[in-house]
Amino acid sequence: MKERIQDAVERSRAGYSELRLRRIWSSTVLVRGREVDSATSTGETGGLARCCSPGTGWGAVGFSGTAHLEGHLLRAHELSLAGASRQPLRLAPIPIRQIESAPSPLPADDPRELALSTKRERAERLAAVLLDSDRRLATGRIIVRDEVVETWLATSEGTWIHDLRTRVSVSALAVAEQEGSSERALGSIGGAPGWPAGEAAEALLRSVASRAVERLHAAPVRPGRYPVILDPAAAGALMHRAVAHFARPALPGADPDVLPLGTQLGPEILTVGDDPTAPGLLAGSPYDDEGAVSRRCAIIQNGVVLGHLHSRETAGATGQAPTGHARAGTLGGVPYPRATNTFLAPGKGTLDDLLEGLPVGIYLADVLACDASEAGVALRGAAARMIRDGRLAEPVKGVKLAGELLELLGRVDAVAGDFQWDRAAARCRDGAAGLVPVTTGAPHLRLAPVEIGSEVS
Amino acid sequence: MTGPLLDVLAGRVNRADALVKLDDTLTLAISPDGDTRVSASQTRISHLRVMREGRIGYASCTTDSPEELAEQALAAATSGARLELHLPMPAPLPEVAIRAPQAAAADVAALDPLARALLERLRRSARRVEVWAERSTGSVHLGNTRGVLTGYDVTLAGAGAVVESIGAGYAPPCRVHTSGTALPGWPDLEALAAEVDRRLDPPLLRPVRLLAPTMPVCLAPRAVASFLSPLRAALVGLEAVLGSYSLRGRLGEVLFDQKFSLTDDPLAPGRPGSRPIDDDGVVARRVPLIERGRLVGFLADLEVGARAGVPSTGHAWRRAGAGSRVGFTNLRVVPGIETRATLLTMMGRGLLVEDLEWGSGSNPIRGTLNVRVPWTYLVENGSVRGRLEGIRLSGNVFTALTRLGAVGGDATWVGAACVPSLLVEGLTVVQEA
């Protein structure tokens, strides 16, 4: 394969040529209730041929299969000549490396070596753990998915990367019913490499089950102005959507606004970054889909916007160094700057320190959804409790936190020191740029009183 | 094309069906800075579903290897669902216009003038305009062990724009697009440009004290297409028929306003969701879902049909890695007779909402709506006075559809939905500080 790819790139007559080939093996087992609903096995191969030359724009050809690699590059070159760029297209320079990181022989925990019937048995066992955890659980759904991704990347500058990685995830939905009311809860856990440890998956299922049951007895939150404490998962989701999404130069069809460098976004205790090199996380990688070295990148330092996430093109256009954040969201997709492992840096103290002295407030754990635009942020909690007299009190539901981006981040008044990475199998969809795995990490975070709405009518 | 996939399974399975989809897409985009980018994609994906010893297995791949795909599907069948699936027999396909030779042949030289014409029409001072034009040509091939061996060719073309008004409040970019089997013509582009002008030209009003939180709201077609998302979800698949979705078990009941009727129409000529046969090999047909407010149907594919004991309506969509799912083809809301001007006059003092995006704070499954609506205009005595900022709409979509003030006669295609304006009375309007 290496010879075929490198030959095709060498023969391209464009000023710059790039060929990425990716093969994805995946299997998915879906269990509804206690019975398997579907078992699917997928093998996808495809990639991207991309060219540009002095005075031209990009020409890009996404393709499936492994045939006609040279032809795809030729067409990409032709398309690049049909495009036009008013500003010369500048790719920021990167160290040229040849990396062969695909393990050989294959690791013992390669999910392709595991029979689908074994995966089904595991999924059914997990479904039983979920449904047996409480008699009020009416039904549930378990999705067990594994994926092996092999990537080959070659450029006319001499970059060569061959990489193979494994991702495994378990997602759960629990539906609890009692006296005519029905409540749901969701959760997931992902890991790389290998199967998520049985205990971790079972802990997730018990947590999802208890959240669904707890919601049966939760009263709708009373809208008003409250101090709010976000748990690490919710704080991380807020930082990913409200900060990291606006730390990238414009993508087609998504988030045209970028936080200007030097903007004061929040207090001194607010430091946010993105670290593709954090080990053992689903979204991490030592290099990106352009072959640039990934590096930890500060976005907000002590409340001030300090940096952006870059591809080679956006870095070149702004005179910055690439950060290794160019990621392709589909098999044949063009790589754009995307967040990977977004983190809120830890402060000091514990959750108890944040709770201390609060007569009333809201504790928001995990998120169902978080949306943001230049105008505002809206975050919907998956689980929430009232805070009363400095302690976590009764569960409430329907909690919705919304506000202007600057105002909300400006309300951060305490950041605890209990940082943790969220192990959920989260993926981020961003307009035309496709779907990529993402991870967030944060400690508990407290906001001075903000407006809380209720989505329960 | 599906023959070799089925041949390698001969004698090894009880039943099987195969689907191969090929697509060639060309996209040309012009950025606000005037840069032109051209990209193409050529994809081929093969799907195989086998039934062996009472279990079903799915496999899909992008390479041309029948043996490899067959082995994957057989392995999946050892762990698949226990389900008795009755594959369709060969049947004549209905005539439906889904391919335009001019679109199939369109190259960069054909797309470039389209995009530039739209750009020129939209370009003004204080506007940031990005435009694109696209065409896709492809084919779908189906076969099964009961003798179905068929296929069709299809094209899809479109153009669109993202327009930002600089210095006019906090409105997000205005996104518009048109798509169909043929390349968009000048009237299509003119309609897009007119919509952008209609949304961007009215002045931004200073904060207006609204009279009542329950003032009438007129949703324009683009907003209606989005507003109906919970209803779409409640009408498709197993969750709708047997699960916990809102309309389960209510077939035959009058649940909505009698002015409201909705159909799924795969046979609409030249539209994005049109097709003569679904991905299960079931011949496509129009399916009434709501007739004068009465729930008369759900959409199903073969699997949902087998689980729920109902016939397939021909709405299977096959996707890689996840088997079959049920989905709309072209959604059509039966238009009324009122013109847009009449609807605005009927409101007296009310709000016109041109576009609507679901976001956090809403629940598309339960129909709970709580969204910012930046493309909202104050209407008084039939005239649009200007655009408002800081408006939120809350309520419930299912409840709102029980009390419609009127249904417009201005049915417009928005992607794969043909919807008119709706005058809605049951939503709460919140004006934020």
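Heavy atoms only: backbone and side chains are in, while hydrogens, waters and symmetry mates are out. Numbered from 1 within each chain, the chains take letters A, B, ... in sequence-line order.
Atoms CD and OG, from A:Glu44 and B:Ser60 in turn, are 6.0 Å apart once rounded to the nearest 0.5 Å. Going from atom CD1 of B:Ile45 over to atom OG1 of A:Thr42 covers 7.5 Å, rounded to the nearest 0.5 Å. Atom OG1 in B:Thr43 sits 9.5 Å away from atom CG in A:Leu331 (nearest 0.5 Å). In this structure, the separation between CZ on A:Arg75 and CD on B:Gln42 is 4.5 Å, given to the nearest 0.5 Å. B:Arg319 contributes atom CZ, which lies 9.5 Å from atom OG1 of A:Thr40 (distance to the nearest 0.5 angstrom).
Among all heavy-atom pairs drawn from B:Ser79 and A:Ser117, the shortest one is OG-CA, 2.9 Å. Of all heavy-atom pairs spanning A:Leu79 and B:Ala40, the tightest one is CD1-CB, 3.7 Å. For the pair A:Ala82 and B:Val108, the tightest heavy-atom approach, listed with the atom from each and the gap, is CB-CG1, 3.8 Å. Of all heavy-atom pairs between B:Ala75 and A:Leu116, the closest is O-CD2, 4.0 Å.
Heavy atoms of A:Arg32 lying under 4.5 Å from chain B belong exclusively to its side chain. Looking at B:Arg307, only its side chain comes within 4.5 Å of chain A, counting heavy atoms on both sides. In this structure, chain A has no heavy atom under 4.5 Å from any part of B:Leu83. Interface remark: B:Asp107 contributes no atoms to any contact with chain A (heavy atom separation under 4.5 Å).
B:Arg82 places no side-chain N or O within donor-acceptor distance of the main-chain N or O of A:Glu35, the cut-off being under 3.5 Å. A donor-acceptor contact shorter than 3.5 Å links the side chain of A:Ser64 to the backbone of B:Arg44.
Residues B:Arg37 and A:Val334 form no side-chain contact, since every pair of their non-hydrogen atoms from C-beta on lies 4.5 Å or further apart. Within the 4.5 Å cutoff, no side-chain heavy atoms of A:Leu89 are placed close to those of B:Asp35.
Put simply, of B:Arg55, B:Glu303, B:Glu68, the one with the most heavy-atom pairs under 4.5 Å next to chain A is B:Arg55.
Between A:Glu451 and B:Arg392 there is no salt bridge, since no side-chain nitrogen of the basic residue lies less than 4.0 Å from a carboxylate oxygen of the acidic one.
Taking a 6.0 Å sphere around NE2 of A:His68, one finds it holds 12 or fewer heavy atoms contributed by other residues, nucleotides or ligands. Within a 6.0 Å radius of CZ in B:Arg127, other residues, nucleotides and ligands contribute more than 12 heavy atoms.
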